[in-house]
Amino acid sequence: MKNAPSDLRVRKGCCVLRSHTCGELRLTHLGEKVSLCGWVDRVRDHKGVMFVDLRDRWGRTQVVIGPESSAATLAAVRLVRPEWVLLVEGLVGARPDGTTNPKLLTGAIEVGCRELTVLNEAQTPAFQPSATDLPGEEVRLKHRWLDLRRPAMQENLLLRSRIVKIMRDHCDELGFIDVETPVLGRSTPEGARDYLVPSRLDHGAFFALPQSPQLYKQLLMMAGFDRYVQVARCFRDEDLRADRQPEFTQLDLEMSFVEAADVMAVIEGLVKRTAREILGVDVPMPLAKLSWDDCMERFGHDAPDLRYGLEISDLTAIATASDFRVFRAAVEAGGRVRGILVPQAAAKFSRKDLDALTALAVDAGAKGLVWLKMEPSGEWSGPVAKNLTGPVGENIRAKLAAAPGDLALIVADTFDISSKALHTLRKRLGSVLQLYDPNAMHFSWVVDFPMFAHNAESGGWAAMHHPFTAPRAADLALLDSDPAACRAQAYDLVINGSEAGGGTIRIHDGRTQEKVFQLLGISPETAREQFGFLLDALRSGAPPHGGIALGIDRWVMLFAKLDSIRDVIAFPKTQKASDMMTGAPSPVAPKQLLELGVRTIVPPQP
RNA sequence: GGGGGUGUAGCUCAGUUGGUUAGAGCGCCAGCCUGUCACGUUGGAGGCCGCGGGUUCGAGUCCCGUCACCCUCGCCA
């Protein structure tokens, strides 16, 4: 054994220490003198002969230390432990007959060790990256450097890198200019909660981290950049989910002199290219476009999973003719009666299962769930079937196209609540009944969003997308007469029931922008104070423009067929937005707070 | 903020109705082993049962509180 060399010898290629990676050697390298660097994955000691699996991000190679190796090397390797970092020099040899390992790409060869250099020792790791049992996520996050040594995690980040490169290449080839925008910006009350950064030079004033570069990219259009793109970090101080982190990355882009179709075409090209290069799948273009109304009506949600059916049917007209009190009450209150037919599911759901589904519907706000099973006789059965005999039952059967053995789930409530309940049920049924191939990917657009939604807090209007979204040209007059009916030039990209991107054509004239602000309850004074620069810029020769932002983390998660966004982020945060590894966020020194003119209410923890 | 789940050895987990000294596999330490590749084999060390309180003759187990992590509703223009 010798110590790590201080005089780095130049070898072939650009690598000084190593000639090859641990995933590289094949039978074609037989007899070559090579040097490998990597981590000790496993050691197998057979006294006279020892095996060390050396691992790097490229793969794993078996190193043999046998009688041919020097006594010093043999003695040295006996001390080696998993996760030590080694430099191994030796000859590539073919493995003896019957000892090749087809599970490894390098399984036909092994490196006969001539010289062994310990580049670094390692304390016993908190968990073994090579282990088959995955540690709990808490442990993985705390020792993230170990977790990231696992081949699965390395593959995830490699996939992310490839996808981002495809995105950048695609935009570059289409003439997009990559422009960076500020991270320290101005807080606006719209949208999500801001992350704030206190100003040292102006006590009492705060920067906000961007929820997205929305206004900057619009101003770049007004500046004439025509096509802008950025891989942009965004920050939203809201509660986390499996697919939501407080900081996340968007492919943010904006184009001038375009209509929605132009932006969508750019993204469709990207979808096609990514699917081809990453999955080897050809996605037919153009993608299906569903109107928002259609989505809500048929799936109860604005980002439906279209890998399976279970569409919602409207039974309101049938219910109107019914004596069933539950149905009548909903209809008379202006609500709707809607249902899902689950083919050949009657026998699969026990009373207990149906109670669980009912609980789901109730959680979604519904007062209950009507379930009906169709008997072989063609009659409905179930707790309320007796209320739905005769023509009503027959009409429901006809409308749902129900057959014996089918299960019908019906919700009578407001449109919003029935949508939510049936969407929740549809999702549950889809996964429980395995109605789709989990490896399949389905891309579609949802378009024609309403401009506004009712804001429960203020009682006024809230922007469905954001306050800069342009209404459809034909709907411009509706801003005055009927804002609720006004549709936006908005488009969401939906992948497997997940919102993977969203964009709009923007308002490019000041008068319309002011009108929309006004509808949103933003006074002219507030608008001037917070968005004065935008209003001025809109009056300074703003081109028609629009764009989109894609959630890169979600894209990678979906393309990697993973359930958690954290598995495609190198250093993610926990559900309480803390970093298990660094301990962020942490208390700071009183001096730092003093400089910032900030006083905390809760005293710092010791 | 609400609902649900988990927390026992470094890691993954078992632990019965509340009852003697809390177990297993992996890892770790020390032997044996010349063709293994999740090597095998013999022995050994290793525990604040998340934390605090309570009930009890007795608590890993029951009760209350609390903390952390995960899923989820609200929230996320």
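- For A:Glu525, the salt bridge (Lys or Arg N to Asp or Glu O under 4.0 Å) criterion is met by no residue, not counting sequence neighbours.
- In this structure A:Glu499 satisfies the salt bridge (Lys or Arg N to Asp or Glu O under 4.0 Å) test with no other residue, sequence neighbours excluded.
- The stretch residues 240-247 of chain A touches RNA chain B through A:Arg241, A:Ala242, A:Arg244, each having a heavy atom within less than 4.0 Å of the strand.
- Residue A:Lys47 has its side chain nearest to B:U34 when only B:U36, B:U34, B:G1 are considered.
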Each nucleotide N or O in nucleotides 3-6 of chain B that has a protein N or O under 3.5 Å away: list the pair and distance.
none

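- Residues satisfying the ring-ring contact (aromatic ring centres under 6.0 Å, His included) test with A:Trp145, not counting sequence neighbours, are A:His143.
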For nucleotides 41-46 of chain B, read 5' to 3', which letter fits each nucleotide if B means a protein heavy atom sits under 4.0 Å from the base, S means only the sugar-phosphate is that close, and - means neither?
-> ------
Just distance, no hydrogens or angles: give the donor-acceptor pairs under 3.5 Å from side chains in residues 40-53 of chain A, sequence neighbours left out.
from	atom 1	to	atom 2	distance (Å)
A:Asp41	OD1	A:Arg55	NH1	2.6
A:Arg44	NH1	A:Asp53	OD2	2.9
A:Arg44	NH2	A:Asp53	OD1	2.9
A:Arg44	NH2	A:Asp53	OD2	3.3
A:Arg44	NH2	A:Gln62	OE1	3.0
A:Asp45	OD1	A:Lys47	N	2.8

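- With sequence neighbours left out, the salt bridge (Lys or Arg N to Asp or Glu O under 4.0 Å) criterion links A:Lys142 to no other residue.
- Annotation: salt bridge (Lys or Arg N to Asp or Glu O under 4.0 Å) contacts of A:Asp355 (sequence neighbours excluded): A:Arg351.
- For residues 497-527 of chain A, the pairs satisfying ring-ring contact (aromatic ring centres under 6.0 Å, His included) are A:Phe517-A:Phe531, with sequence neighbours left out.
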Pairwise N/O distances under 3.5 Å, protein to nucleotides 24-29 of chain B:
from	atom 1	to	atom 2	distance (Å)
B:G27	O2'	A:Gln128	NE2	3.1
B:C29	OP1	A:Arg81	NE	3.1
B:C29	OP2	A:Arg81	NE	3.4

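- Remark: A:His545 engages no residue in a ring-ring contact (aromatic ring centres under 6.0 Å, His included) (not counting sequence neighbours).
- The pair A:Asp475-A:Arg487 fails the salt-bridge criterion, with no side-chain N (NZ, NE, NH1 or NH2) lying under 4.0 Å from an Asp/Glu carboxylate O.
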